[in-house]
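Structure, as structure tokens:
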2 protein chains.
Amino acid sequence: MNTDDVLGKAPLFAALDRESAAALRTGISEVELHKGQTLFSEGETGDRLYVVLDGKIKLVRTAPDGRENLLSVLGPSEMFGELSLFDPRPRTASAIALTDVRLAGLGHDDLRPWLTGRPEVALHLLRALAQRLRRTNDVMADLVFTDVPGRVGKALLDLAERFGQRTEEGLRVHHDLTQEELAQYVGASRETVNKALADFAQRGWLRIEAKAVVIMDAERLHARSR
Amino acid sequence: MNTDDVLGKAPLFAALDRESAAALRTGISEVELHKGQTLFSEGETGDRLYVVLDGKIKLVRTAPDGRENLLSVLGPSEMFGELSLFDPRPRTASAIALTDVRLAGLGHDDLRPWLTGRPEVALHLLRALAQRLRRTNDVMADLVFTDVPGRVGKALLDLAERFGQRTEEGLRVHHDLTQEELAQYVGASRETVNKALADFAQRGWLRIEAKAVVIMDAERLHARSR
DNA sequence: TAGACATTGTGACGTACTGCATCAAGGGGG
DNA sequence: CCCCCTTGATGCAGTACGTCACAATGTCTA
């Protein structure tokens, strides 16, 4: 997919008509990262917002004792890093490439005139943040109420919605996460996640592949995860 | 404190000069609730935003099986209910008065012209949402990494920052929450929270009162909670 | 192609937390 | 004013999950 198409799906640009979007794009700088490279780190100052053009990137937070928490996995047309743009404080998470990745970056100064001049841009961003807040509250409730296998199931179904591809076997989700990362994502130990996955596989609900799963029975998985 | 002073501290109004704030206020409707009364419920449609003028109100989510999750406790000059305003979907939480409470309500139509006409209002709201998102991520990390006593300590210190009053004994925090509610807030059972509180009290870090605590050793409490 | 290192798979064991059950205290409503 | 019901306090048994330990793969690189 080309850059224009991907950007067009991002909420930031969806708000604009064709010419405005093109104008906004002139302020954009493209960045490419190889798998494992860090875009920015927790604690740094920064006022750039990014939209994923191709590949996947993860946002991680490191606790003082070194343990890590995976906040989100972002794919094409998804946006991140905007918090430090609206609220000028150091970054609270690091962004690390899960695969080779191509990004569109937009600085505070590039965006500011659009925010002040075109109210619909600000409104779209408000909506995007509101949706994120809703989603985050869901995840919090899951952490409290749902057990680890349930959270693993939910995480897989969520990833499936965004990255899943229909195959004759089922829904293939190439999440590009190690089980360790999946564990950090759902807030559990690697071992427990592994056992949950093994259990699901044994029941025939899914098949485990390297950094991917093929979901064969989304129904059951969903039922188990609620 | 009078209505003007309280509203002046709210991020929504802080963005405006005196006359603009006064103009915006004309769209406001005041609501009064008695302790225990419900302002709105999960699932309802609604496009009103509220600012607490006096008293406290809680936002709760109910899981399908009936268990409840307390999202936040809001006091004077704090804002809530704005998500459904930016993102027109049913409310995802219920708002219930913890004490007798007085609120300022502002509808979608009242606010819209200000959002489109005065970019600084939208920017302030973006900043407010960004801060909330940061905060929510902190809480999520705590749910994963911190044990129940630690979360209780953090919750108390957070409430202390917002509602605490210096006394000769220490910092009195009249949180207006039952231990049951505090438990729903930190994502634990009532019993566990009670034991954590009892333990803190026994160590002399705080004293327990009805729907309040007096923090005598914030240092130690903070150290225990990290 | 071999060796090294990262990732995955699985069991044993300890423990923090939950859920239940019971009891005491206090405060608001009839 | 007294009763009842909410709130707070505490012990105990069951369990889900984390930690540890190790084996079996897979994958990158020299």
Side-chain angles (χ1 to χ4, degrees), chain A residues 34-37 58 63 65-70 96 98-100 142-153 155-156 174-203 206-213 224-225, chain B residues 34-36 58 63 65-70 96 98-100 142-153 155-156 174-203 206-214 224-225:
Chain A
H34 285 295
K35 177 178 170 174
Q37 284 190 307
K58 65 174 178 180
D65 65 352
R67 281 181 303 179
E68 295 198 335
N69 185 3
L70 207 164
I96 301 172
L98 279 174
T99 66
D100 288 356
D142 289 341
L143 278 175
V144 173
F145 294 129
T146 313
D147 63 5
V148 175
R151 299 206 299 269
V152 171
L156 290 178
H174 203 94
H175 49 63
D176 285 302
L177 298 172
T178 66
Q179 292 185 357
E180 173 70 49
E181 286 167 327
L182 192 53
Q184 292 168 1
Y185 191 37
V186 301
S189 72
R190 186 193 56 81
E191 293 90 330
T192 308
V193 169
N194 178 289
K195 282 160 194 170
L197 285 173
D199 181 56
F200 291 158
Q202 152 125 38
R203 290 171 194 272
L206 52 77
R207 199 156 50 72
I208 301 170
E209 299 187 349
K211 299 200 172 186
V213 293
R224 170 63 183 82
S225 304
Chain B
H34 287 294
K35 177 177 169 173
K58 65 173 178 180
D65 65 353
R67 282 180 302 180
E68 295 198 333
N69 186 5
L70 207 164
I96 301 172
L98 281 174
T99 65
D100 288 357
D142 289 340
L143 277 176
V144 173
F145 294 130
T146 313
D147 62 6
V148 175
R151 301 206 297 270
V152 171
L156 290 178
H174 201 94
H175 50 61
D176 285 301
L177 298 172
T178 67
Q179 292 186 355
E180 173 69 48
E181 286 167 327
L182 193 52
Q184 291 168 1
Y185 191 36
V186 302
S189 71
R190 196 194 90 255
E191 294 90 329
T192 309
V193 169
N194 178 284
K195 282 161 193 167
L197 285 173
D199 181 57
F200 291 158
Q202 153 128 35
R203 290 171 195 270
L206 53 77
R207 199 155 52 71
I208 301 169
E209 300 187 348
K211 299 199 173 186
V213 293
V214 180
R224 170 63 182 82
S225 304

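First the proteins, then the strands, lettered A, B, ... as listed; each starts at 1.
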Practice item. Check whether any side-chain nitrogen or oxygen of A:S189 sits under 4.0 Å from OP1 or OP2 of D:dT19, and answer yes or no. Key: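 Checking D:dT19 against A:S189, no side-chain N or O comes under 4.0 Å of OP1 or OP2.
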Measure from [atom1] on [X] to [atom2] on [N] and round the result to the nearest Å.
X: B:Q179; N: C:dA24; atom1: CD; atom2: P; value: 18 Å
X: B:F200; N: D:dG8; atom1: CZ; atom2: C1'; value: 17 Å
X: B:L206; N: D:dG8; atom1: CG; atom2: P; value: 14 Å
X: A:L197; N: D:dT25; atom1: CG; atom2: C1'; value: 16 Å
X: A:E180; N: D:dG18; atom1: CD; atom2: C1'; value: 13 Å
X: B:K35; N: C:dG29; atom1: NZ; atom2: P; value: 9 Å
X: B:D65; N: C:dT18; atom1: CG; atom2: P; value: 15 Å
X: B:R190; N: C:dG19; atom1: CZ; atom2: P; value: 11 Å

Review point. Taking the side chain of B:D147 as heavy atoms from C-beta outward, which of C:dT10, C:dC17, D:dC17 is closest to it?
Key: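 Nearest nucleotide to the side chain: C:dC17.
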Exercise for review: For a side-chain contact (heavy atoms from CB on, under 4.5 Å) with B:R151, tell me which candidate from B:T192, B:V186, B:V193, B:L182 qualifies.
Suggested key: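 With B:R151 as partner, side-chain contact (heavy atoms from CB on, under 4.5 Å) holds for just one option, B:V186.
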Exercise for review: Enter the distance from B:E180:CD to B:E191:CD here, rounded to the nearest 0.5 Å.
Suggested key: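 Here the interatomic distance stands at 8.0 Å.
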Review point. Which comes earlier along DNA chain D counting from the 5' end, the contact point of B:K195 or that of B:T178, where each point is its nearest nucleotide?
Key: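 Closer to the 5' end of DNA chain D: B:T178.
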Check your understanding: Starting at the 5' end of DNA chain D, which residue's closest nucleotide do you reach first, A:T192 or B:K211?
Key ->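 Looking at the nearest nucleotide for each, B:K211 comes out on the 5' side.
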Practice item. Please state whether the base of C:dC17 and the side chain of B:E191 form at least one donor-acceptor pair under 3.5 Å? Key: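 No such pair is found, so the answer is no.
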Check your understanding: Is the shortest side-chain N to carboxylate O distance from A:D199 to A:K195 below 4.0 Å?
Key ->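 The answer is no: the pair does not qualify as a salt bridge.
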Check your understanding: How would you label the contact of B:N194 with the nucleic acid (heavy atoms, under 4.0 Å): base, sugar-phosphate, or nothing?
Key ->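 Base contact - B:N194 has a heavy atom under 4.0 Å of at least one base atom.
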Practice item. Using a heavy-atom cut-off of under 4.0 Å over every strand shown, decide if B:A210 touches base, sugar-phosphate, or nothing. Key: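 Answer is nothing: B:A210 stays at 4.0 Å or more from every strand.
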Check your understanding: At their closest point, which heavy atom of A:F200 faces which heavy atom of A:P149, and how far apart are they?
Key ->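 Reported closest heavy-atom pair: CZ-O, 3.4 Å.
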Practice item. Dump the intermediate steps for side-chain contact (heavy atoms from CB on, under 4.5 Å) on B:Q184 and B:N69, then the final yes or no. Key: CA-CA 5 Å; B:Q184 291 168 1; B:N69 186 5; 5.6 Å; no
